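In what follows, a structure is listed as structure tokens, so that the remarks can point back to it.
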Amino acid sequence: MTKRLPNIAVLGATGVVGREILNILEEEKVEYNSIKFLASSRSAGSLIEFKGQKHTVIETTDNVFDDIDICLASAGGKTSERYAPVAKEKGCVYIDNSSAFRMDKDVPLVIAGVNDEDLKLHKGIIANPNCSTSQLMLPLKALDDKFKLKRLIVSTYQAVSGAGLKAINELTDNIKTNLVGMPYEPSAFKYEIAFNVIPQIDSFTENGYTKEEMKVTNETRKILHLSNDVKISCTAVRVPVYIGHSEAVTAEFEHEISPDVARALLKETPEVEVRDDSATFTYPTPKEAAGKNPVYVGRIRKSLAFDNGIDFFCVADNLRIGAALNTVRIAEKVIEMELY
Ligand code: A2P
């Protein structure tokens with residue numbers, strides 16, 4: 001019997017991640033019956049080009065979910081809090097890019113290719129991890145499977161596109177203003193982002209870490225099914241880069257590990273690309289990673305701080321693996337595994 005192909009929708013189709021979802025849907029072979037483009041009343045009625053044809057953007061209301069099987073949503077936490085329960089009620093599988101439901105025990109938090117089996121436990125909502133968590137999961141899963149993770153210290157260097165269209169425009173305006181020596185009043189960020197770095201992403205929590213930093217800690221634990229004995233700490237920093245998050249990672253393991261063995265393992269890990277040769281100054285940078293799908297790893301070396309530890313640098317396109325690509329791949333898995 002041939003399976004029934006799903007009716008899909010992209011919610012937040014006019015946003016930075018939404019547009020990237022459309023680019024990736026054009027590249028990847030996702031099988032669907034029909035597709036809808038949803039946003040708020042602000043852009044309802046505008047036209048979106050997809051696969052060479054113009055489509056009208058539809059305002060998101062409760063009723064639009066009546067005949068949608070899978071919704072790929074990237075329209076912020078408030079929108080998801082409003083519509084995910086409605087979609088779920090109407091039998092639609094809601095794949096959410098926001099942080100609204102990520103730590104909910106009934107909501108699988110999935111990186112395609114890392115913990116696909118968790119998808120089977122979904123009850124209508126599936127969450128896509130935070131961008132800085134996402135890119136780390138592919139290399140870390142391979143390393144944890146073999147050497148058993150004991151401690152993880154991550155410092156992020158995050159691109160402005162992670163904060164949406166307004167933040168991207170602010171970096172450009174801020175640079176232009178600075179170059180002509182004029183004062184600039186930031187609004188997307190607390191401080192000027194041009195020629196600067198800002199050690200705050202999202203708001204502060206009671207323990208002194210920011211929400212972004214706690215997302216890396218808690219989401220990593222949930223995705224890799226790690227016990228509380230594994231200690232994780234993160235410092236998240238915004239840098240004046242448009243696309244591509246970078247992460248300096250120190251990982252300590254239960255078992256002995258060497259840079260050569262880790263390098264060989266990561267070279268064989270799907271979707272991970274090792275760029276690591278100090279003799280030829282080969283290492284990943286966000287400029288090269290932008291627009292590409294893999295997670296790039298380099299600067300792999302023995303940690304001087306921990307016995308069974310390695311340090312490495314990990315770079316990826318935050319809009320792709322960190323958001324849109326994983327959302328599309330989750331949708332592909334849901335279709336493949338017939339979970340809709
Ligand atoms: P709209 O274009 O109508 O504002 P970004 O993160 O790049 O700012 O994008 C946010 C995306 O989420 C946009 O597509 C935006 O649509 C959409 N969005 C924001 N609020 C809502 C809402 N209340 N209902 C539906 N879509 C929304």
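Keep in mind the model is a prediction, meaning the values are calculated, not measured. Read the numbers this way: they start at 1 and go in the same order the structure lists the ligands and their atoms.
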> Which protein residues have a heavy atom closer than 4.0 Å to any atom of ligand 1, listed by chain and number?
Replying inline: Leu11, Gly12, Ala13, Thr14, Gly15, Val16, Ala39, Ser40, Arg42, Ser43, Thr60, Ser74, Ala75, Thr79, Leu165

> Does some side-chain heavy atom of Gln200 sit less than 4.5 Å from a side-chain heavy atom of Arg238?
Replying inline: no

>> Within the 4.5 Å heavy-atom criterion, are Val30 and Ile335 side-chain neighbours or not?
In response: yes

> Got more than 12 heavy atoms from elsewhere within 6.0 Å of CD, Glu27?
Replying inline: yes

> Got more than 12 heavy atoms from elsewhere within 6.0 Å of CG, Asp307?
Replying inline: no

> How about Phe37 and His55: are their ring centroids closer than 6.0 Å?
Replying inline: yes

> Does the gap between the ring centers of Tyr283 and Phe313 come in under 6.0 Å?
Replying inline: no

